[in-house]
Each structure stands twice: as structure tokens, then as C-alpha cells.
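Down below is the structure, laid out as C-alpha cells.
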Protein chains: 2
Amino acid sequence: MLQWDAVHIIVADCSAQYSGRLQASLPSARRVLLIKADQSVLIFSELGSYKPLNWMAAPCTIKEIAPDETDRTDRTDPAPVRVLRVAADKSDDILEIEIYRIFSDETFDLGIDPGLSKDGVEDHLQHYLAKQIERIGSGARLVSREYPTPIGPVDIMAVDAEGNHVAIEIKRHGGIDGVEQLTRYCKLLNRDPLISPVRGIFAAQTITAQARTLAQDRGFECLILDYEDMKGTDDGSLRLF
Amino acid sequence: MLQWDAVHIIVADCSAQYSGRLQASLPSARRVLLIKADQSVLIFSELGSYKPLNWMAAPCTIKEIAPDETDRTDRTDPAPVRVLRVAADKSDDILEIEIYRIFSDETFDLGIDPGLSKDGVEDHLQHYLAKQIERIGSGARLVSREYPTPIGPVDIMAVDAEGNHVAIEIKRHGGIDGVEQLTRYCKLLNRDPLISPVRGIFAAQTITAQARTLAQDRGFECLILDYEDMKGTDDGSLRLF
DNA sequence: AGGTGTAGTTAGCGA
DNA sequence: TCGCTAAGTACACCT
């Protein structure tokens, strides 16, 4: 039987049906089933990337039911040897797995996992650009990172050499949505006579052509961020050509 | 050794380091390693949902290296018994896994997977609303689904009883981004004197309060779609109260 | 708990 | 291939 303080690894010929936000059916084939201690279930095959073909996320409850209690009347597969009905606790999502032949069934207690520590995403770009704010123009000064507005924080707020406010939206990869975000911020900030006029800068490691066009149409500048270059300049001494 | 026409399932104490778009380090703990035939690697623990703690997507190449050839100088863990260096083929992403103790190491040939068939997503909402276009107002007529524009297809284009064009953006769950999308379409369509003025309708099964406010501020109507009701009316005979 | 924004997003479709 | 959009997105953060 299944045991709930451990992970189960099952290799079997199986089919699966998911019913919830959508219907998804998986014909019979040889697959890897991973059943975690929280009763979440993942079904893998050689297909796809890290995403399972089908799954049920925790919190959920697994019930092993008798093979002849299944709902399916359109039976074409041979009779399953085991049937698992996995039901989500907080919705009526159901994943039903029919197992026809088991090649391996192992159980392991993995214990506590210390978890993953990440380092170096958009936050780093923001960090470096804040420290090297003259990348937006000589004489620029930093006002603040995560400058608060009623509709969310502006990534970087600065003042240029002429004393104009500059709102900077930073993305790793700049798309249209980022330009829209910057537009909302600038529109709102420009209503405030104390800081208007506000220049907008769209800064990213890469910017799509469409986003660049949209940004320029909205009167924003685009700034390509070279992560390695910024990292190399991290002592604070900005190369001024 | 590892064999590349099959899936490997390894349960082991291991640590891992990913270096690529970000750095991510995983301290030593007992985990499940799934190595697929395409050499992609997934590392699972009890943590998280269906997403692995760490992984390398195909195409990539696994190289088993001698434990003393590792780069790491800040060694605090005991010497690993095996070290796998997984390098992405098309970038310099690297996932390095150090294995300290192996509890299970199995290999299976899963064969071809017929894949998943899905049924019932946003596409279905679009399908039903197109067939039941009078849900947006009595006398409305369908122009087309996926009405093409230079900035992407409008989900549904229709004409109302007064002969005005109506652009409909459909979402399963309506958020601010959907309203922005509809805004872009309407703005562009209204530049065309042949179809201007264009009404905008934001249609979704659920709409967030913020999105509803924004939509109304932009002059759009909001339409809540009842999937079950639409499905039940699928014979084409629309209930007209 | 719900909304918003990011993701080593992934996946799918169309130009 | 590039670009855009949806995803049973997951996940973190904030209100």
C-alpha cells in the first residue's frame, strides 16, 4: 500500500485522465509516477521538459479504488491491476490513473530538504544600475530603488543632469508588457506637479523590436544593460569613456 | 554508467549547483534524480509542486567527471562518490550534481509516449461565445474569431445591432493585463476610419475588481462568461430570456 | 486570501 | 527563427 511519509517511485504502463479546469487524457504507455509524501502525483515520460505530462498538486487525497469501480464505460484497454483516484482537497479536480503493469515500485523517506537558494536575477540588474546610475546619462543621481507609487513600486527613480525626474523600468527581457508598466507609472507620476515632467527609461538585457517601437512611440528611451559589464564595474567607479 | 535510450531514476544524497541565467545552489539532502533519455535532468524533493528544485532542460550533455576534478574549493561536504556535470548545448548553463550516497539506481526504457490530449481551455470559451454572439447584445453578428491586426489577433470581432464594430477580448480569468491588451487593440482599430468606432468588451469567467475598474475607466464593458451555461446552449439556440 | 509581477518560466501557434 | 500569448502555469510578495 501507499505510505504517506515517503516518496513513491513507480514505473508502470498506465493511462490517466485529468478533469478540472480542463479535461486531459493520457493514453496507455510506460511512464514514471512520482508520488510525494504530501500525496501530490507527477506523471513523467520522455516527452516535455521539466513539466510532468499530468499531475495533481497538493493538497490532495489519493484513494486506491477497485478496478471495477471505475466510471469509464468506453473501456478499450485491458483491465487495470490498480486504479488510483487523486482528488484535490479544495476543488473538484480529479486525476484518475489506471495501472496495467508495474515494472518497479519503490518507497523512500527523503526527509527534510533545506531548499534552494537563488542568486542573481532582475534584482541584481536593479542593484547594479542603481549603483551605476550614470549609465542613464552623465550627471544623473539616484533618488531611490523601488520608489513607491499607489500602483506599485517604480524599479528605479533618478534625477538627470537637468534636474528632471527619471522613472526606470528594469526587465531581464523587455517585452511590450514592460513598456505598458512603465507607461502606467509615468502617466501617474506626471500627474504630480512636484515631480512632473518625468522621463521614462526602459532598461533590459534584451528588448524585443515591438517593445522598442512601442517605447519610442510613447517617448521612452531604451537602455540595453550588459550584465557582465555592470558586474565588472561593481566597485562603483563607472567608466566614463 | 549512464545509458541514453532510457530513463534513469536515482535516489541519492546529493547537492547541486546551477549556473546560468542565475546561480542556484542546493545543499546536500536526499533527493530523487530523474535523468531522461534526452539527457535532461530533474531533481526532486518533497518541496514544491510539480516543478523540480533544480533541472537542466534538453538539449544538454551529461559528463561524469572524477570527483577531484570539481571546481569547488569551498568544500565542506564529504567527498562525493560521483559527480555529474550537465551542460546545456546552446548556452553556457551548467548544472553540477555531487552524489554522496546512492540508495537506488534504476534504468527503464519507457518507449514512445503517445502524448497528452487537452480539451477545454480559453479556446472553448471563444468557440462558444462566437456561436452565441448575441450574449454581447441582441442583434449582434459575428465578424470573425482571431481577427487579425498588426499587433496580434483580436479574440472575437463582431458587429452590434447598431452596426458598430465590437472587439472582444476573452480570458479565463480577467486581470489588468487583459484590459491592457484590449486597450491596445481598440486604440489601433479606432485609427481605421472604416471600422471606427470600435466598442470593447472584456469577457471572462472571472474578472478581478482592479481589472473591472480599469476596463470601465477605459470605456469597456465587462461580460462574465458562464462556461457551463454556454456549453448547455451549444446547440446554437440562444436563450433570449 | 486575493491581486500583481516574475520565472533558469514552458508550450503552442503563426508570421 | 522570432515574437506573441496562454498555462490545470508555479512562486514570491504584498495588501
Side-chain angles (χ1 to χ4, degrees), chain A residues 17-24 40 47-58 60 86 88 90-95 115-116 118-123 125-126 146 148 150-153 155 169-178 180-181 184 206-214, chain B residues 17-24 40 47-58 60 86 88 91-95 115-116 118-126 146 148-155 169-178 180-181 184 206-214:
Chain A
Q17 300 247 170
Y18 166 77
S19 169
R21 320 232 187 141
L22 57 66
Q23 309 281 127
S40 61
L47 289 177
S49 179
Y50 66 65
K51 195 171 168 175
L53 282 171
N54 228 330
W55 74 93
M56 178 61 74
C60 61
V86 192
K90 294 176 179 172
S91 71
D92 52 4
D93 291 24
I94 285 180
L95 175 67
L116 183 72
K118 293 182 178 182
D119 161 52
V121 258
E122 183 188 311
D123 190 58
L125 291 173
Q126 191 187 110
E146 302 287 349
I151 56 171
D155 287 341
E169 177 63 34
I170 299 178
K171 285 273 179 286
R172 198 166 53 72
H173 182 65
I176 282 179
D177 55 340
E180 295 289 4
Q181 218 175 318
R184 287 198 296 275
T206 58
I207 297 179
T208 65
Q210 284 81 350
R212 180 180 292 275
T213 303
L214 183 62
Chain B
Q17 301 247 166
Y18 166 77
S19 170
R21 322 241 185 133
L22 57 65
Q23 309 282 126
S40 61
L47 287 177
S49 179
Y50 65 65
K51 195 171 168 175
L53 282 171
N54 229 330
W55 73 94
M56 178 62 74
C60 60
V86 192
S91 70
D92 52 4
D93 291 24
I94 285 181
L95 176 66
L116 183 72
K118 292 182 178 181
D119 162 50
V121 259
E122 182 188 311
D123 190 56
H124 281 221
L125 290 173
Q126 192 186 110
E146 303 287 347
T149 81
I151 55 170
V154 176
D155 287 341
E169 176 63 33
I170 298 177
K171 285 276 180 285
R172 203 165 48 72
H173 181 65
I176 283 179
D177 55 339
E180 294 290 5
Q181 219 174 320
R184 287 197 298 275
T206 59
I207 297 179
T208 66
Q210 285 84 346
R212 180 180 292 273
T213 303
L214 183 61

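So you know, we letter chains A, B, ... as the sequences are listed, proteins then strands, and number each from 1.
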_Using a heavy-atom cut-off of 4.0 Å across all strands, would you classify B/Glu169 as base, sugar-phosphate, or nothing?_
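Contact class for B/Glu169: sugar-phosphate only.
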*Check whether any side-chain N or O of A/Gln181 sits under 4.0 Å from OP1 or OP2 of C/dT6, and answer yes or no.*
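Yes, because at least one side-chain N or O of A/Gln181 sits under 4.0 Å from OP1 or OP2 of C/dT6.
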Taking all non-hydrogen atoms of both residues into account, name the closest pair between [X] and [Y] and its distance.
| X | Y | value |
| --- | --- | --- |
| B/Ser49 | A/Ala57 | OG-CB, 3.8 Å |
| A/Glu169 | A/Gly178 | CG-O, 3.8 Å |
| B/Ala88 | B/Cys60 | CA-CB, 3.9 Å |
| A/Gly115 | B/Leu47 | CA-CD1, 3.6 Å |
| A/Lys118 | B/Leu22 | CD-CD2, 4.0 Å |
| A/Asn54 | A/Tyr18 | OD1-CB, 3.5 Å |

[X]: which residues meet the side chain to side chain donor-acceptor pair (under 3.5 Å) condition with it, sequence neighbours left out?
| X | result |
| --- | --- |
| B/Gln210 | none |
| B/Thr208 | none |
| B/Thr213 | none |
| B/Ser91 | B/Asp93 |

Taking the same atom, [atom1], in [N] and in [M], what whole-Å distance lies between them?
| N | M | atom1 | result |
| --- | --- | --- | --- |
| C/dA7 | D/dA6 | C1' | 15 Å |
| C/dT6 | D/dA7 | C1' | 15 Å |
| D/dC14 | C/dG8 | C1' | 24 Å |

*Hey, could you give me the CG/CD distance between B/Asp155 and B/Glu146, rounded to the nearest 0.5 Å?*
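Those atoms lie 6.0 Å apart.
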*Sequence neighbours excluded, which residues qualify as side-chain contact (heavy atoms from CB on, under 4.5 Å) partners of A/Leu214?*
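A/Leu214 satisfies side-chain contact (heavy atoms from CB on, under 4.5 Å) with A/Ile176, A/Val179, A/Glu180, A/Arg218 once adjacent residues are dropped.
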Return the value, rounded to whole Å, for the distance between atom [atom1] of [X] and atom [atom2] of [N].
| X | N | atom1 | atom2 | value |
| --- | --- | --- | --- | --- |
| B/Lys118 | C/dG12 | NZ | P | 7 Å |
| B/Gln126 | C/dC13 | CD | P | 14 Å |
| B/Glu146 | C/dA15 | CD | P | 10 Å |
| A/Leu53 | C/dT10 | CG | C1' | 13 Å |
| B/Ile170 | D/dA6 | CD1 | P | 10 Å |
| B/Asp155 | C/dG14 | CG | P | 14 Å |
| B/Met56 | C/dG8 | CE | P | 13 Å |
| B/Leu116 | C/dA11 | CG | P | 12 Å |

*Treat a base pair as Watson-Crick or G-U wobble with both distances under 3.5 Å, then lay out DNA chain D in dot-bracket form, 5' to 3', with | for cross-strand pairs.*
|||||||.|||||||
Listed pairs, N/O of protein and of nucleotides 10-13 of chain D, under 3.5 Å:
residue	atom	partner	partner atom	Å
D/dC11	OP1	B/Ser49	N	3.1
D/dC11	OP2	B/Ser49	N	3.4

_Earlier contact from the 5' end, DNA chain D, for A/Asn54 and B/Arg184_ =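 Closer to the 5' end of DNA chain D: B/Arg184.
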Kindly give the atom pairs (protein nitrogen or oxygen, nucleotide nitrogen or oxygen) under 3.5 Å for nucleotides 1-4 of chain D.
residue	atom	partner	partner atom	Å
D/dG3	O3'	A/Gln210	OE1	3.2
D/dG3	O3'	A/Gln210	NE2	3.1
D/dC4	OP1	A/Gln210	OE1	2.9

